[in-house]
2 protein chains.
Amino acid sequence: MKPMTIKDLANFLKVSPSTVSRALNNHPDISLEVRLRVQQLAKELQFKPNSFAANFRKKQSKLIAVVLPKIYRSFIPDVIEGITKKLNDNHFQTLILLTEDLFEREIEAINQCCEMRVDGILLSLCNQTKDLNHLQRCQTIGIPVVLFDNTIKSDCFSSVHINDALAAGQCAEFINKQKVNRVAAIFGPEELAISQNRKLGFFSALAKEITVDICYAKDSHEAYTFANDQIKKHQTCAFFGISDEVLLGIVSAVNENKVTNESLVVGFSDGLTMPFLHRNLHYINHNGKVIGKAAAAQILKLIAEDEKLKEDILIAVELL
Amino acid sequence: MKPMTIKDLANFLKVSPSTVSRALNNHPDISLEVRLRVQQLAKELQFKPNSFAANFRKKQSKLIAVVLPKIYRSFIPDVIEGITKKLNDNHFQTLILLTEDLFEREIEAINQCCEMRVDGILLSLCNQTKDLNHLQRCQTIGIPVVLFDNTIKSDCFSSVHINDALAAGQCAEFINKQKVNRVAAIFGPEELAISQNRKLGFFSALAKEITVDICYAKDSHEAYTFANDQIKKHQTCAFFGISDEVLLGIVSAVNENKVTNESLVVGFSDGLTMPFLHRNLHYINHNGKVIGKAAAAQILKLIAEDEKLKEDILIAVELL
DNA sequence: AACGATTGCGCAAACGATTGCGGTTGATTT
DNA sequence: AAATCAACCGCAATCGTTTGCGCAATCGTT
């Protein structure tokens, strides 16, 4: 059955289509009486204007694309929830594009966004991405972009993340106070900006007399192996982990070696899984929902404003 | 700067807009020569037709909505990845709508889908949902719907999930063989279909002489508390957990009571986190990616077909 | 050579909502 | 009483692409 159009309503009510349109949009030109009559019939008939036609005419999609490498088990789900909630409240919808951490797929995704005329892009870069040239097209078309989570420096695009160096420094200072003389620090892939920043912050704050064993782990398993080795070799009992995935490996090794209670584990976590597994875990609460909301808020701001200005937003975190 | 249109291209090439359109879509009516000329210029100028206009005209959005309660830490991220990958390969995009496990929000989401004219809906019900009346509108408009994960019986809509009862039965049989006489079984919220099905399958397969202590846990913490109690009360050393979240609570309790090595843990898991934390874990590999792909494939099939037929798809699983 | 079939392209009408502009009322002002 | 003005509503163009139909040119057949 062919769906109703604004014309059908207009014919039925003996008014013009333009009047129906304006009435439905609460345009002040339409008298209260007519407006109510239109709106009521629309409600009764469950009529909704074809948003295709409207968007086409108004040149807006009410769509925000979220482009990211993959939906890791922790953090990212929260980010997405934060984003969609914020966007929904403002009558925008969330589109998910996955790059699988491949640069070509990122380019492709960005192009698709342009073709679909999304109103904005929230982008978490994949690790191979070294520059932002592929975003030029967005700039010329005028699609605002906000970088989040995995970002690189840019003087064109807004970004949202936590102050990684500062937070890692807090972790180091906490370890300083614990009177340990050796710590195993496990970061993510070395080329990641996030790894670099946190490493810098960690080292510049850590007491000089503490020996550090470093590892760059790409997953839980590598973290586990390294932590296990360190325990066996040096009886290490203090650990720093850059993410929930890494922390999982650490805690697994600690448990298996039955040194759970003597061990101190510090790192970045969303606080939803890991504290269950280790009572002596101290973590920077890396709350995805907050970041997602902030990123969404920023893109909405950019859409609303005419002159797009860059703005780097730092989310405050605390050590729990 | 105003973006290029098909007319601009046409003027430049001294052909009609219709020819450009057909050339771009590889319509056989257009000679190879003209077709190539058009396509090359389009490539050079990075021209992409306005998909709004095209979709509007063709009455299709190339959008599939995924409607679900929330993005839990495990399983769902994989489902989403499976879906988007499959859809992307077929030139569809993924829209995420979160219901927060609220029935009103589910209705709202479905309505939004109808208004946006999505081409299909993948729906995981929220727990309050008791019937499928709110999907009627989709039926009359002709938007295909596929239920996945959390579903209820329906004779109109296709569904995709694993054979919960059978899989739970496999778990029970495994426990039967282990010569234990007591097991703590932890399910999810009692009203959930998934809980009911797995419980039924589990009990009908479990040896009669084994004593079962049941709990319905809504999160890791409740599972932990119950498991902890059971260990203290009955020295329970065999556990069944319905999900990764529940298993996390179990393993946490087991570890804390230092009965890790003596304990047997069986349940449903995606196999990505839990096997790390407990070496003696046997699990039904509840692979989200496979389910996501199957659901996406089904919705694509429904879109392609003219007469929408219902089909319940059972994903095979194995005990690892 | 005459006639039907095929190929290749343009014309113009959609698709459904929005919106600038202009026209019709009736009320208010001078 | 004429003029001014505001309040309301309709006309028609518009957004950019697709597509049914028609027309001309070319091709092949008897």
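In the text below, chain A, chain B and the rest are named by the order of the sequence lines, each starting its count at 1. Side chains included, hydrogens not; waters and symmetry mates left out as well; all remaining heavy atoms used. Bear in mind that the values here come from a model prediction, so they are computed numbers and not experimental data.
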request  = Determine if Phe56(A) stacks with dC15(D); use a centre-to-centre distance below 5.5 Å and an interplanar angle below 30° as the criteria.
outcome  = yes

key: Gap between atom SG of Cys113(A) and atom CG of Leu135(A) - 0.5 Å precision   = 10.0 Å

query = Atom NZ of Lys14(A) and atom P of dG10(D): how far apart are they, to the nearest Å?
reply = 12 Å

note = The correct list of stems in which DNA chain D takes part (3 or more consecutive Watson-Crick or G-U pairs, distances under 3.5 Å) is C:1-30 with D:1-30

message = Need two values: the first and the last nucleotide of DNA chain C, 5' to 3', having an atom under 4.0 Å from any heavy-atom of chain A.
response = dG16(C) to dG20(C)

ask   = What nucleic acid atoms does Ser18(A) come within less than 4.0 Å of, heavy atoms only: base, sugar-phosphate, or nothing?
value = base

request  = Kindly indicate, with the supporting measurements, whether the criterion side-chain contact (heavy atoms from CB on, under 4.5 Å) is fulfilled by Phe47(B) and Val38(B).
outcome  = CA-CA 10 Å; Phe47(B) 167 79; Val38(B) 172; over 6 Å; no

query = Taking Ser21(A) for the side chain and Pro17(A) for the main chain, is one N or O donor matched with an acceptor at less than 3.5 Å?
reply = no

note = From the list Ser159(A), Ser158(A), Ser154(A), side chain to side chain donor-acceptor pair (under 3.5 Å) partner of Asp312(A) resolves to Ser159(A)

task = Not counting sequence neighbours, list each pair that qualifies as a side chain to side chain donor-acceptor pair (under 3.5 Å) and has a residue in residues 28-46 of chain A.
result = Asn26(A)-Gln39(A), Gln40(A)-Glu44(A)

inquiry  = Distance check needed: dG16(D) C1' versus Asn50(B) CG, whole Å only.
reply    = 6 Å

ask   = Roughly how many Å is it from CZ in Phe52(A) to P in dT18(D), rounded to a whole number?
value = 13 Å

ask   = If only atom types and distance count, is the side chain of Glu81(B) paired as donor or acceptor with the main-chain N or O of Ile71(A) below 3.5 Å?
value = yes

request  = Ignoring hydrogens and angles, tell me if any N or O in the side chain of Asp8(B) forms a donor-acceptor pair with the backbone of Thr5(B) under 3.5 Å.
outcome  = yes

remark   = side chain to side chain donor-acceptor pair (under 3.5 Å) pairs touching residues 120-133 of chain A, sequence neighbours excluded, are Asp101(A)-Asn127(A), Glu106(A)-Thr129(A), Asn127(A)-Asn150(A), Asp131(A)-Asn133(A)

message = Applying a 4.0 Å non-hydrogen cut-off, can you work out what Val20(B) is touching in the nucleic acid: base, sugar-phosphate, or nothing?
response = nothing

inquiry  = Tell me if a side-chain donor or acceptor on Thr151(A) pairs with a main-chain N or O of Phe148(A) at a distance below 3.5 Å.
reply    = no

ask   = Rounded to whole angstrom units, what separation is found between the CD atom of Gln60(A) and the C1' atom of dC15(D)?
value = 13 Å

ask   = Atom CG of Leu9(B) to atom C1' of dT17(D): distance rounded to whole Å?
value = 13 Å

Which atom pairs, donor and acceptor, lie under 3.5 Å between side-chain atoms of residues 51-58 of chain B and protein residues at least two apart or in another chain?
residue: Ser51(B); atom: OG; partner: Glu115(A); partner atom: O; Å: 2.7
residue: Asn55(B); atom: ND2; partner: Ser51(B); partner atom: O; Å: 3.1

message = Any side-chain N or O of Lys59(B) below 4.0 angstrom from OP1/OP2 of dT18(D)?
response = no

task = Can you sort out which residues in residues 21-38 of chain A have a heavy atom within less than 4.0 Å of DNA chain C? Ascending by number, please.
result = Ser21(A), Arg22(A), Asn25(A)

request  = Answer yes or no: is there a donor N or O on one side and an acceptor on the other, between the side chain of Asp119(B) and the main chain of Ile64(B), under 3.5 Å?
outcome  = no

